[in-house]
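Below: one structure, written as structure tokens.
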There are 2 protein chains.
Amino acid sequence: MRKKAPGSYHHGDLRRSLIDAGRMLLAKNNSGGLSLREVAKVAGVSHTAPYRHFKDKAELLAAIAETGFHQLRADAERVAHTYRETPLQQYTHCAARYVRFAVENPETAHLMFGGGIDMRTAPPSLKQASWATFELLIEIIENGKQAGLYKAVDTMDLAVATWSGIHGLSLLIANGYLTQLAASDSQIDGLAQRVARLLLEGIRK
Amino acid sequence: MRKKAPGSYHHGDLRRSLIDAGRMLLAKNNSGGLSLREVAKVAGVSHTAPYRHFKDKAELLAAIAETGFHQLRADAERVAHTYRETPLQQYTHCAARYVRFAVENPETAHLMFGGGIDMRTAPPSLKQASWATFELLIEIIENGKQAGLYKAVDTMDLAVATWSGIHGLSLLIANGYLTQLAASDSQIDGLAQRVARLLLEGIRK
DNA sequence: ACCTGAACACCGTTCAAGT
DNA sequence: ACCTGAACACCGTTCAAGT
């Protein structure tokens, strides 16, 4: 990716270059694994240079996943701010944004949520980033609760139920389980809206 | 795993031996990758023998995922049959079984749902196995619908919303995102029940 | 048909060595 | 401090050869 002047050093930006190169390669090699040597080559350094910044491959992958959480949180935050006066629309549009993130960045979503990284043993900064994303959801639920929109149930339970629904839908779509039902972008948006509504109202008569 | 008489052939059971060895190794190497050579060694054959039964590693992984779907479907089917007279309990207990499957077989669940396999390009038998699992859910929803339990909405939408919620919860737990909220088995069961109930009744007041 | 051993091009990781 | 090249033990896959 970034060409460095031959013979010069990276002076600290190599870490970011490697993460960027990693995300780029991840997007290019559809669903394929990521080679540390390949990342190094794209970043313009020898294949051992990454070890100055990451203790092993897993740590680089964790760093990439972390940027994914930052992006997802930033995306959702922007939407949440736009609809801050209407809690119902805030919920619906944030849900749609979550689904779109997974559909638009399936490899990053795979890394974040696919089980390659166990959050129990993940680096602290990654845990923090993922927790911060969940916190935004909790705020949104709390918002609606104070507006009298949601049940007077433990906010945590409301948040987990909502998160589970949107999260599950995102992964089912991203992994191709629902192509029969929703192939195009507009069909996906439509399905996401209907599911979000059912999560809200329940499936019971 | 299975020892063959030295010098003898496998006569068709090698395929199954490889799948079994693969699942065993997958369970042992927590979250670690699976080496085709390792699988072959455990099955007691040379590292090129698997190519007689699988065109590449991805095809073996797909076959392992397939056994996962068969098991999940069989597990859920047993539960569905037990509670066939009470649609509400049928739904709740099948949901709990789904979550337990993911928690008890995190590596297999990772393989099935983690994004390593894109269902759009998966082998037909795998597509069929995953579809058959979803069909059971559709039956369960249809059951409850005829008993007047669910909304008069498109069954597909009801099924997708339910599946998404249970699926998302399973993966969030299996990947360690909810350890703060549910660590022990009984806590997980409790959370699953409360979430299943919220999916049913909705989060709206 | 079914399996093997050697070979190829890769991979992650370590380490002594260079600036 | 930051980076390199050689080396090690692995890997997936191919292929000619064996029964």
Side-chain angles (χ1 to χ4, degrees), chain A residues 1-22 24-26 28-65 107 111 116-118 121 123, chain B residues 1-22 24-26 28-65 107 111 116-118 121 123:
Chain A
M1 184 92 269
R2 280 166 125 274
K3 245 324 176 19
K4 70 176 172 70
S8 80
Y9 288 107
H10 259 282
H11 290 306
D13 64 346
L14 178 55
R15 193 189 140 90
R16 180 124 298 262
S17 294
L18 290 167
I19 292 174
D20 289 347
M24 220 238 326
L25 284 170
L26 217 51
K28 194 157 61 179
N29 309 0
N30 315 344
S31 90
L34 188 64
S35 144
L36 208 50
R37 292 169 103 109
E38 201 183 7
V39 173
K41 192 186 289 181
V42 169
V45 292
S46 81
H47 64 270
T48 61
Y51 287 91
R52 292 294 123 200
H53 300 272
F54 305 101
K55 86 171 211 292
D56 56 17
K57 187 183 178 180
E59 212 170 274
L60 170 60
L61 292 178
I64 294 174
E107 307 83 8
L111 209 55
I117 298 168
D118 190 325
T121 59
Chain B
M1 184 91 272
R2 279 164 128 275
K3 249 310 173 34
K4 72 177 173 71
S8 81
Y9 289 105
H10 260 280
H11 290 305
D13 64 345
L14 177 56
R15 193 190 141 89
R16 179 125 295 266
S17 295
L18 290 168
I19 292 174
D20 290 346
M24 222 237 326
L25 285 170
L26 217 52
K28 194 156 63 180
N29 309 1
N30 314 343
S31 89
L34 187 65
S35 142
L36 207 50
R37 291 168 103 109
E38 199 183 7
V39 173
K41 193 186 289 181
V42 169
V45 293
S46 80
H47 64 270
T48 60
Y51 287 91
R52 292 294 124 201
H53 299 273
F54 305 101
K55 88 171 210 292
D56 56 18
K57 187 182 178 180
E59 211 169 275
L60 171 61
L61 292 178
I64 293 174
E107 307 84 7
L111 209 55
I117 299 168
D118 189 325
T121 58

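Quick note on labels: first sequence line is chain A, next is B, and so on, each numbered from 1.
For the atom pair B/Ile19 CD1 and B/Asp13 CG, the distance stands at 11.5 Å (nearest 0.5 Å). B/His47 contributes atom NE2, which lies 4.0 Å from atom CZ of B/Arg37 (distance to the nearest 0.5 angstrom). Note that the CG atom of B/Leu111 and the CG atom of B/Leu34 stand 8.5 Å from one another [nearest 0.5 Å]. Rounded to the nearest 0.5 angstrom, B/Glu38 CD and B/Met24 CE are separated by 9.0 Å. Note that CD1 of B/Ile64 is 9.0 Å distant from CD1 of B/Ile117, once rounded to the nearest 0.5 Å.
Spacing between atom CZ of A/Phe54 and atom P of C/dT14 amounts to 16 Å, rounded to whole angstrom units. In this structure, the NE2 atom of B/His53 is 17 Å from the C1' atom of D/dT13, given to the nearest Å. Following rounding to the nearest Å, B/Glu59 (CD) and D/dT13 (C1') show an atom-to-atom distance of 14 Å.
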Would you tabulate the pairs of protein nitrogen or oxygen atoms and nucleotide nitrogen or oxygen atoms of nucleotides 8-12 of chain C closer than 3.5 angstrom?
{"residue": "C/dC11", "atom": "OP1", "partner": "A/Ser35", "partner atom": "OG", "Å": "3.1"}
{"residue": "C/dG12", "atom": "OP1", "partner": "A/Leu36", "partner atom": "N", "Å": "2.8"}
{"residue": "C/dG12", "atom": "OP1", "partner": "A/Lys57", "partner atom": "NZ", "Å": "3.2"}
{"residue": "C/dG12", "atom": "OP2", "partner": "A/Leu36", "partner atom": "N", "Å": "3.1"}
{"residue": "C/dG12", "atom": "OP2", "partner": "A/Arg37", "partner atom": "N", "Å": "3.2"}
{"residue": "C/dG12", "atom": "N7", "partner": "A/Arg37", "partner atom": "NH1", "Å": "2.5"}
{"residue": "C/dG12", "atom": "O6", "partner": "A/Arg37", "partner atom": "NH1", "Å": "2.9"}

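Put simply, the side chain of B/Leu14 does not reach to within 4.5 Å of the side chain of B/Arg52, judged on heavy atoms.
For DNA chain D, the stems formed by at least three consecutive Watson-Crick or G-U pairs, with both atom-pair distances below 3.5 Å, span C:4-8 with D:12-16, C:12-16 with D:4-8.
Of the residues near DNA chain C, A/Arg52 and B/Ala49, the one whose nearest nucleotide (by heavy atom distance) lies more toward the 5' end is B/Ala49.
Between A/His53 and A/Glu59, the shortest heavy-atom contact is O-OE2, 4.1 Å. Across every non-hydrogen atom of A/Val39 and A/Leu60, the tightest pair is CG1-CD2, 4.2 Å.
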